[in-house]
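Single-structure report; data block below.
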Amino acid sequence: MMRSVAVIGKKCLHRHTVVLKGNPRTTLCWERSFAGASSDDCREKLSRKVLQDLKLDDAIGLFGDMVKSRPFPSIVEFNKLLSAVAKMKKFELVISLGEQMQTLGISHDLYTYSILINCFCRRSQLSLALALLGKMMKLGYEPDIVTLNSLLNGFCHGNRISDAVALVDQMVEMGYKPDTVTFTTLIHGLFLHNKASEAVALIDRMVQRGCQPDLVTYGAVVNGLCKRGDTDLALNLLNKMEAAKIEANVVIYSTVIDSLCKYRHEDDALNLFTEMENKGVRPNVITYSSLISCLCNYGRWSDASRLLSDMIERKINPNVVTFSALIDAFVKKGKLVEAEKLYDEMIKRSIDPDIFTYSSLINGFCMHDRLDEAKHMFELMISKDCFPNVVTYNTLIKGFCKAKRVEEGMELFREMSQRGLVGDTVTYTTLIQGLFQAGDVDMAQELFKEMESFGVSPDIWTYNILLDGLCDHRKLEKASVVFESMQKSKMELNIFTYNIMIEGMCKAGEVDNAWKLFTGLNGVKANVVTYNTMISGFCRKSLLQEANALFIEMKENRTLPDSCTYNTLIRAHLRDGDKTASAELIKAMRSCGFVGDASTFGLITNMLHDGRLDKSFLDMLS
DNA sequence: TTAGGGTTAG
């Protein structure tokens, strides 16, 4: 590449002129063509307005007319058409039209070459783009900034980001003046290749070379940094901008504020909000919505409500996003009444709810087992031509499954397919879980098979639910087969996977196998549930020594026992007739602030009745 | 007549 670009030099400029002069054919033809109706037609068809909404078929037809008309229309007309086709992203077609032109003896000019180089780049055919650049330069055309920016874009989107950086340096050395397009293209490429620090360094390098980056360039870097959560670096850039007397605008401030808030620096976000006000930058509905939404999600309702009244007072009107964000936050915190009030308020303000609004409300109704209202909301949105997407369906399906109405969930699943929506991993996982809970083991397994055959990849949660369902329904053998295939696959098993299998084995009486699994957790850390399950497995087999040993081990491994750990052990020791050990455990449990659970109370009551225990035990428990 | 990516919120 560098060799090709290295030949770009001043001497080309001379030849450039010569070639343009030496290309009188198109000029002459064009002059003559004023008399020809067909060429006039073409020219009319190529007017800017027509080109804007030109259809692909018309473009091809037009090209056919153009190559048939004699004399040929000028190269400018061809360039306009090629450009229009390139805008339709039909890059291959542009290339083939270019080839046809050459076959017909219609010479390309600088613009044609630029368009074609761009097309090769967009098709990731870097070598062909470079070859064409070489050819073009041999003919004496000096690439201009647009040609080089296209090439730069090609490098950025191909895997040649270091060549992209080098190209910009070389452009500067050769006297080209990189423009905003050059920089935003390179910056975008750097972020695409995870080179955030190089993007920041680029800004410094530009300044060093006496090339002051503009607002757009800064904006691109700030945006890229914020998307990665590098808010410190973004704030540094804001300071740099200020030092360079480039005033950040509301978009840049909103970007940083949003990012600060999302990464849990909400107070810094609020401070920056004040700072932008002090600098005379007026926040807009987006600045407010983003802050309000984050604050609500963190439960900072009073701050959020202060901002809301603030924005209304300043006539910055909340829009559908503001309302939806609020509704969603209220719903997630279980405040459905408030969410419904907000919904009424937005209707009163003639703000149309959108798919987010409806989906949040449907979620709210589902969370409160108000399935009929959820369904009603779902039908309402459709009646308003706001069509549910896979997320909306998943929400409602989950609601029905949780309410043990898996049949209706399945019905929705079929309905979404009819609407042309494809279920995703969440859809299938939810339904598989619902089917297992409803005891429909066969259907659950069938759905799992369907999901695989439809190319929807099960994730670790899908597998965990499958394992759990199989174990719950006494299909440990089948679960073990699945588990082994998971171990062999690249999938990372989590502690839930192990907990499910350990529990399944213990419940099936296979404590030895469960213990084997427990001692062979592949780099996964046991949690309190893992210990509880194993301890309970030992207790079930009256292996109290093992259970006690594990209880000690879990404390040594800094896994805090919970109410379940204590209750399991207490019951086991009571059944074993060891009153002393039980009494000690009860004391220890109480000192941790836990109490006896229903099973423990039940057992003690029974033992009181048949005289195995005296009343002091009951007093100890409560 | 040629190029980039947008500009931010649920």
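It should be emphasised that the depicted structure is a prediction, and the values quoted were computed from it without experimental measurement. In the text below, chain A, chain B and the rest are named by the order of the sequence lines, each starting its count at 1.
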Just to be sure I understand the rule, does K332(A) reach a base, reach only the sugar-phosphate, or reach nothing, if contact means heavy atoms closer than 4.0 Å? nothing
Would you kindly give the CG-to-P distance between L308(A) and dA9(B), to the nearest whole Å? 19 Å
Using the test salt bridge (Lys or Arg N to Asp or Glu O under 4.0 Å), find all partners of D267(A) that sit at least two apart in sequence or belong to another chain. R300(A)
For the base of dG4(B), is there a side-chain donor-acceptor partner from D179(A) under 3.5 Å away? no
For L295(A) and dA9(B), what is the distance between atoms CG and C1' respectively, to the nearest whole Å? 13 Å
Do D354(A) side-chain atoms and T357(A) backbone N/O form a donor-acceptor pair below 3.5 Å? yes
K227(A) near the nucleic acid: base, sugar-phosphate alone, or nothing, with a heavy-atom cut-off under 4.0 Å? nothing
Heavy atoms under 4.0 Å, any strand shown: does T184(A) hit a base, just sugar-phosphate, or nothing? base
Checking all strands, does N249(A) fall into the base, sugar-phosphate, or nothing category for heavy-atom contacts under 4.0 angstrom? nothing
Of the options dG6(B), dA9(B), dT1(B), whose atoms approach the side-chain atoms of N79(A) most closely? dT1(B)
Nearest listed nucleotide, side chain of A325(A), among dT7(B), dG10(B), dG4(B): dG10(B)
Looking for any heavy atom pair under 4.0 Å, which part of the strands does T112(A) touch: base, sugar-phosphate only, or nothing? nothing
Length of the CD1-C1' vector between I117(A) and dT1(B), whole Å: 15 Å
Closest to the Y111(A) side chain, choosing from dG4(B), dT1(B), dA3(B): dT1(B)
Inspect the contact between R306(A) and D303(A) and indicate whether a charged nitrogen and a carboxylate oxygen are less than 4.0 angstrom apart. yes
Whether the side chain of S114(A) and the base of dT2(B) hold a donor-acceptor pair under 3.5 Å is what I'd like checked. yes
Expressed in angstrom and rounded to an integer, what is the separation of Y113(A) atom OH from dA3(B) atom P? 17 Å
Is there a donor and acceptor pair, one atom on the side chain of N319(A) and one on the base of dA9(B), closer than 3.5 Å? yes
Looking at dT8(B), I'd like to know if its phosphate oxygens (OP1 or OP2) sit under 4.0 Å from a side-chain N or O belonging to K262(A). no
Side chain of N153(A) (C-beta onward), nearest among dG5(B), dG10(B), dT1(B): dG5(B)
Using only side-chain N and O atoms of R122(A), determine if any of them is under 4.0 Å from OP1 or OP2 of dA3(B). no
Is a side-chain donor-acceptor pair under 3.5 Å present for N363(A) with S360(A)? no
Any idea how F63(A) and F78(A) line up, ring-wise: parallel (<30°), tilted (30 to 60°), or perpendicular (>60°)? perpendicular
May I ask you to check whether over 12 heavy atoms, not counting those of K240(A), lie within 6.0 Å of atom NZ? yes
D109(A) has its side chain closest, among dT1(B), dG5(B), dG10(B), to dT1(B)
What's V320(A) touching, base or sugar-phosphate or nothing? Going by heavy atoms closer than 4.0 Å. base
Just to be sure I understand the rule, does S289(A) reach a base, reach only the sugar-phosphate, or reach nothing, if contact means heavy atoms closer than 4.0 Å? base
Whole angstrom is fine here: how far is it from CD1 in I145(A) over to C1' in dA3(B)? 9 Å
Starting from P on dA3(B), measure out to OH on Y176(A) and report it in whole angstrom. 17 Å
Respond yes when some side-chain nitrogen or oxygen of H157(A) is under 4.0 Å from OP1 or OP2 of dG5(B), and no when none is. yes
Would you kindly give the CZ-to-P distance between F191(A) and dG4(B), to the nearest whole Å? 20 Å
Given 3.5 Å as the limit, does a donor-acceptor pair link the side chain of H157(A) with the main chain of C121(A), or not? no
Atom pair distance, as rounded to whole Å: CG in L291(A) and C1' in dA9(B): 10 Å
Minimum-distance nucleotide to V251(A) side chain [options: dG4(B), dG10(B), dT8(B)]: dT8(B)
